[in-house]
There are 2 protein chains.
Amino acid sequence: MFLSRNTNTLDAKGRVSVPADFRAVVGADLASGVSDFDGIVVWPSFDGAYLEGGGMALLRDYQALLENMDPYDDARIAFERAIFAESRRLSFDANGRVSLPKELAEYAELNGQVTFIGLGRRFEIWNPTKYEAQSANARRMARENRHRLRLASRVNAPRDGGAS
Amino acid sequence: MFLSRNTNTLDAKGRVSVPADFRAVVGADLASGVSDFDGIVVWPSFDGAYLEGGGMALLRDYQALLENMDPYDDARIAFERAIFAESRRLSFDANGRVSLPKELAEYAELNGQVTFIGLGRRFEIWNPTKYEAQSANARRMARENRHRLRLASRVNAPRDGGAS
DNA sequence: TTGTATCCCATGAATTCCCATGCTATCCCT
DNA sequence: AGGGATAGCATGGGAATTCATGGGATACAA
């Protein structure tokens, strides 16, 4: 599970260290045979100027999701083009860095510093300054909506689960 | 289940012993295969100057809750950013300590002593002095709302019957 | 050549690991 | 029940390892 937020430097050669925690996540997939690729997969978000990424396991999940949609559903085709076609495999070097293709860095307006954001099954890569605003906003909104963060009871799960 | 209140010292290296009871809780998850991580996960509360935490099992529960929401629901994104992105995996050393990242200690204004508060499925980490005021307040409010503390009847009542 | 991508090695800082200690609660034996 | 041994827990400090980062060398393509 990708957790935590981590800012690393993007050097002149376009390399950036992937946080060790993140490497451990995809490393576990590799060890357990879920994946055969020692690295991450990254693509430009279709929702803003940042990148999305994950391990091969995530891509498999998206593949399964899309294969359950109608083959000629326009949305399915659009997702395939926006995610699979735009994504790049970035493999780790001996020190746990990847080299970020220029197009991706430009798309997300990355220079100097980049922030990795763990979001559970996937992660995002942001320009640190751009993420600041997002983060402050998220905290405020999380606080306002905190009544919706109600875990189902583990013992006798009630029917409604009701955020009312 | 995380129970009781426990104050331990935060040393110069930022280490603090996790109460043995708490370690037993996450240890059980580990042994039963619910989790594969021997430690706790901690993040800054978005509701005050204290930390929230739990085991990986808790995070999975939150993940399940969030993945049932619309992927682009603003509240879902806010929770993901406020919890997953801000949380840190803290693994136990051989003596059951974790090292608390500086940002988290600063956020909760922790120095010298920290108080772990067991709250069932999750726990909180407070500056002991700050928690005092909170605690008195909680007792008063619990008293005012005592009529609402009505247990649901259990379908298969166990034999112990025990008003202990 | 020039730019680009990989691989290898070096380094400082931060983190983790390991061992030792005092204290307390528990157990066991008489 | 006394009293001593024992094990678990919280804490301190030093050593070793990992992590992020910079730079040089090498290979390949434009």
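Proteins come first, then strands; the chains are lettered A, B, ... in the order of their sequence lines, and each starts at number 1. Keep in mind that what you see is a predicted model, and the values were worked out from it rather than measured.
Residues A:Arg146 and B:Asp47 are paired through a salt bridge, judged by an N-O separation under 4.0 Å between the basic side chain and the carboxylate. A salt bridge is absent between B:Arg60 and B:Asp29: the closest approach of a Lys/Arg side-chain nitrogen to an acidic carboxylate oxygen does not fall below 4.0 angstrom. Between B:Arg88 and B:Glu103, at least one side-chain nitrogen of the basic residue sits less than 4.0 Å from a carboxylate oxygen of the acidic one, meeting the salt-bridge criterion.
Judged by the 6.0 Å distance and 45° axis criteria, A:Arg89 is positioned over the aromatic ring of A:Phe37. Under a cutoff of 6.0 Å and an axis angle of 45°, B:Arg121 and B:Phe2 do not form a cation-pi pair.
Rounded to whole angstrom, the span from the CG atom of A:Asp38 across to the P atom of C:dT6 amounts to 14 Å. Rounding to whole angstrom units, NZ of residue B:Lys13 and P of C:dC19 are separated by 14 Å. Straight-line distance from the CZ atom of B:Arg89 to the P atom of D:dT18: 18 Å, rounded to whole Å. Residue B:Leu90 contributes atom CG, which lies 13 Å from atom P of C:dC17 at whole-angstrom precision. One atom, CZ of B:Arg15, and another, P of C:dC19, lie 15 Å apart when rounded to the nearest Å. C:dA5 atom P lies 11 Å from atom CG of A:Leu100, rounded to whole Å. Rounded to whole Å, the distance from CZ on A:Phe116 to P on D:dC19 is 15 Å.
The residue A:Lys102 sits close only to the backbone: its heavy atoms come under 4.0 Å of sugar-phosphate atoms, none of a base.
Applying the 4.0 Å criterion to OP1 and OP2 of C:dT6, one finds that A:Ser99 has a side-chain N or O inside that range.
Classification of the A:Phe46-B:Tyr72 ring pair by plane angle, with boundaries at 30° and 60°, yields tilted.
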Extract from the structure each pairing of a protein N or O with an N or O of nucleotides 6-11 of chain D at less than 3.5 Å, listing the distance.
residue : atom : partner : partner atom : Å
D:dA10  : OP2  : B:Arg23 : NH1          : 3.0
D:dT11  : OP1  : B:Thr9  : N            : 3.4
D:dT11  : OP2  : B:Thr9  : N            : 3.3
D:dT11  : O5'  : B:Thr9  : OG1          : 3.4
D:dT11  : O4   : B:Asn95 : ND2          : 2.6

